[in-house]
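Note sheet for the following structure.
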Amino acid sequence: MRTLSLGTSGPQVSALGLGCMGMSWAYGETDRAESIATIHAALEAGVTLLDTGDFYGSGHNEMLIGEALRSAPPARREQALVSVKFGGMRQPDGEFVGYDARPAAVKNFAAYTLQRLGVDHIDIYRPARLDDQVPIEETVGAISELVDAGYVRHIGLSEVGVETIRRAAATAPVADLQIEYSLISRGIEQAILPTTRDLGIGITAYGVLSRGLISGHYTRDRQLTADDFRSHSPRFQGENLEHNLTLVDALQKIAEEKGVTVAQIAIAWVMSRGDDIVPLIGARRRERLTESLGALDVTLDDADLAAIESAVPAGAARGERYPDAAMAHLDSER
Ligand SMILES: NC(=O)c1ccc[n+]([C@@H]2O[C@H](COP(=O)([O-])OP(=O)(O)OC[C@H]3O[C@@H](n4cnc5c(N)ncnc54)[C@H](OP(=O)(O)O)[C@@H]3O)[C@@H](O)[C@H]2O)c1
């Protein structure tokens, strides 16, 4: 497995990370045994970065990862770096009821996360969103105190914009910014990516397959449950979906010519954007993991990149990447 340095202050990580969110929440039915087998298979293949959030299934995802780590061979367990987001607050039925990134809340969230994961430190700790009521210096300052106390190794950010990135980095070293980036979500290229590069901050990219939309596995007749993120995501609705799937058809032709899959093209394209970018793959099953890892062997030459750009030009997708209420929480979109 190829490894990369996550920013100038961050750890060395595998060139692909495993995002575990869908194993607990967001994409319909989950399968505990298959989820754990997928985490084990990823570690076995050399993946070292596991991403979660304490609100993914209200603690479910952290407990799942904890179980997977405990049942993994010791050498595999030791190689795992866990990246955790905090701040999202939910009520018992799962509904989101706001964000809390006050210093006292940061430390409280971290205490529970350590217990659920069954570890003595969190490798990368980050607020999931900017808390508009709390200056970022205070939130990052609290994580920095957890670093000094040995409970956290590195500080990360998530879905924040240029000003917040600069203020956070002026407070303490920031390893990476976690943010959506894919062939159809290229917003970071204008100002955010130049800023993280200027500051030596890495990117962990999520939604590389746009939540399955550009994976080549998403079909027009897919039935979604009400709690599936995609049932209310603008890109998956009506004419938007029809249009967006025509982009996938165009990618399919390129993939066929190269003898690879659409998902592999989409992942390889993100990897081709720079060694400071680590895609987080949302595989929930071993079969999908194997397909994603195959992207590591896909080389895109200039002709391939030009064909991909022409099939899916920047801004080609229809529909925002989140519903309106969730977009309002994205400091990165302001
Ligand atoms: N910081 C943030 O705000 C934020 C937000 C969202 C996610 N994240 C993190 O990023 C991770 C990845 O995000 P994501 O889940 O939205 O990404 P994604 O990889 O774009 O989407 C995952 C979805 O794609 C489908 N898929 C189809 N083919 C696949 C393949 N070969 N490999 C993997 N998945 C395939 C999966 O299918 P099936 O339904 O068949 O399993 C799943 O429904 C999350 O797990 C989470 O840790 C962070």
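Start at 1 and go down the list; that is how both ligands and their atoms are numbered. When reading the values below, keep in mind they use all heavy atoms of this one structure, side chains included, and skip hydrogens, waters and symmetry mates.
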| said: Below a 4.0 angstrom heavy-atom separation, can you tell me which part of Glu29, side chain or backbone, both or neither, approaches ligand 1? | reply: neither

| said: Tell me the protein heavy atom at minimum distance from atom 11 (C) of ligand 1, and give that distance in Å. | reply: Gly19 CA, 3.7 Å

| query | For atom 2 (C) of ligand 1, what's the nearest protein heavy atom and its distance? | reply | Tyr206 CE2, 3.2 Å

| Which of the numbered atoms in ligand 1 are below 4.0 angstrom from a heavy atom of Ser215? | 27 (C), 28 (N)

| query | If you measure only the distance, is there a donor-acceptor pair under 3.5 Å linking the side chains of Glu62 and Thr52? | reply | no

| query | Which of the listed options, Tyr27, Trp25, Phe229, holds the heavy atom that is closest to atom 16 (O) of ligand 1? | reply | Tyr27

| task | Give the contacting part of Ala26 toward ligand 1: side chain, backbone, both or neither, where contact means a heavy-atom distance below 4.0 Å. | result | neither

| Which bit of Cys20 is near ligand 1, meaning a heavy atom under 4.0 Å away: side chain, backbone, both or neither? | backbone

| Who's the nearest protein heavy-atom neighbour of atom 19 (O) of ligand 1, and how far? | Gly282 N, 3.1 Å

| Element-labelled atoms of ligand 1 that are located less than 4.0 Å from some non-hydrogen atom of Ser210 | 20 (O)

| Protein contact to atom 40 (O) of ligand 1 [nearest heavy atom, distance to 0.1 Å] | Arg285 NH2, 2.7 Å

| Are any of the side-chain heavy atoms of Glu309 and Trp269 separated by less than 4.5 Å? | yes

| Is there a heavy atom in Arg230 that sits closer than 4.0 Å to ligand 1? | yes

| query | Do any N/O atoms on Ala128 end up under 3.5 angstrom from N/O atoms on ligand 1? | reply | no

| query | How would you list all residue pairs meeting ring-ring contact (aromatic ring centres under 6.0 Å, His included) that involve residues 293-334, not counting sequence neighbours? | reply | Tyr99-His329, Phe229-Tyr322

| task | Using a strict cut-off of less than 4.0 Å between a Lys/Arg side-chain nitrogen and an Asp/Glu carboxylate oxygen, indicate whether Lys258 and Asp301 qualify as a salt bridge. | result | no

| query | Would you say Glu320 has more than 12 foreign heavy atoms packed within less than 6.0 Å of its CD? | reply | no

| query | Taking only heavy atoms of Ile281, which atoms of ligand 1 are found under 4.0 Å from at least one of them? | reply | 32 (N), 33 (C)

| field | Flag for Gln91-Asp93: side-chain donor and acceptor within less than 3.5 Å | value | yes

| Atom CG of Asp302 with >12 non-hydrogen neighbours under 6.0 angstrom | no

| Charged N-O contact under 4.0 Å between Arg126 and Asp176 | yes

| task | Check whether any N or O atom of Gly212, backbone or side chain, sits under 3.5 Å from an N or O atom of ligand 1, and answer yes or no. | result | yes

| remark: One should read off an interatomic distance between Asp331 CG and Ile165 CD1, to the nearest 0.5 angstrom, of 8.0 Å

| message | What I want to find out is whether Arg334 reaches Asp132 closely enough, with some N-O distance under 4.0 Å, to be called a salt bridge. | response | yes

| Element-labelled atoms of ligand 1 that are located less than 4.0 Å from some non-hydrogen atom of Arg222 | 39 (O)

| request: Specify side chain, backbone, both or neither for His217, according to which of its non-hydrogen atoms lie closer than 4.0 Å to ligand 1. | output: side chain

| Is ligand 1 under 4.0 Å from a heavy atom in the side chain of Lys85, in the backbone, in both, or in neither? | side chain

| Any N or O on Thr52 sitting closer than 3.5 Å to an N or O of ligand 1? | no

| Can you tell me which residue and heavy atom of the protein come closest to atom 13 (O) of ligand 1, and the distance to 0.1 Å? | Gly207 N, 3.6 Å

| N or O contact, Ser158 vs ligand 1, cut-off under 3.5 Å | yes

| query | Considering only heavy atoms, does Tyr322 approach ligand 1 within less than 4.0 Å through its side chain, its backbone, both, or neither? | reply | side chain

| message | Among residues at least two apart in sequence or on other chains, which ones pass ring-ring contact (aromatic ring centres under 6.0 Å, His included) with Phe236? | response | Tyr218

| request: Kindly identify the option in Glu180, His329, Arg288 whose heavy atom sits closest to atom 37 (O) of ligand 1. | output: Arg288

| query | Can Tyr56 be said to touch ligand 1, with heavy atoms closer than 4.0 Å? | reply | yes

| Is Leu209 in polar range of ligand 1, meaning some N or O pair under 3.5 Å apart? | yes

| request: Answer yes or no: is there a side-chain heavy-atom contact under 4.5 Å between Arg273 and Ile203? | output: no

| message | Quick check: Leu289 and ligand 1, any N/O pair under 3.5 Å apart? | response | no

| Only one of Arg284, Arg288, Arg286 clears salt bridge (Lys or Arg N to Asp or Glu O under 4.0 Å) with Glu34; which? | Arg286

| field | atom 44 (C) of ligand 1 [closest protein heavy-atom partner, distance rounded to 0.1 Å] | value | Met21 CB, 3.6 Å

| request: May I ask you to say whether Glu159 pairs ionically with Arg321, meaning some side-chain N is under 4.0 Å from a carboxylate O? | output: yes

| field | Crowding at CZ, Arg102 (>12 non-hydrogen neighbours, <6.0 Å) | value | no

| task | Go through His217 and Thr261 one step at a time and tell me if the side chain to side chain donor-acceptor pair (under 3.5 Å) criterion holds. | result | CA-CA 10 Å; His217 298 292; Thr261 70; 5.9 Å; no

| remark: The protein heavy atom nearest to atom 32 (N) of ligand 1 is Ser292 OG, 2.8 Å

| query | More than 12 heavy atoms of other residues, nucleotides or ligands under 6.0 Å from CD of Gln115: is that the case? | reply | no

| Best match, Arg129, Arg211, Gln178, Arg284: closest heavy atom to atom 48 (C) of ligand 1 | Gln178

| remark: heavy-atom search around atom 47 (O) of ligand 1 in the protein gives Asp51 OD2, 2.6 Å

| field | Enumerated ligand 1 atoms positioned under 4.0 Å from heavy atoms of Val208 | value | 20 (O)

| said: With a cutoff of 4.0 Å, is Arg126 in contact with ligand 1, counting heavy atoms of the residue only? | reply: no

| request: Check each heavy atom of Glu291 against ligand 1 and say whether those closer than 4.0 Å belong to the side chain, the backbone, both or neither. | output: side chain

| query | If you measure from each non-hydrogen atom of Ile179 to ligand 1, which part falls under 4.0 Å: side chain, backbone, both or neither? | reply | neither

| said: I need the single residue from Leu146, Ile122, Asp123, Val147 that forms a side-chain contact (heavy atoms from CB on, under 4.5 Å) with Arg153. Which is it? | reply: Asp123

| message | If I apply the N/O under 3.5 Å rule, does Leu280 come out as touching ligand 1? | response | no

| request: Say whether Arg211 and Tyr27, considering side chains only, have a donor N or O and an acceptor N or O under 3.5 Å apart. | output: yes

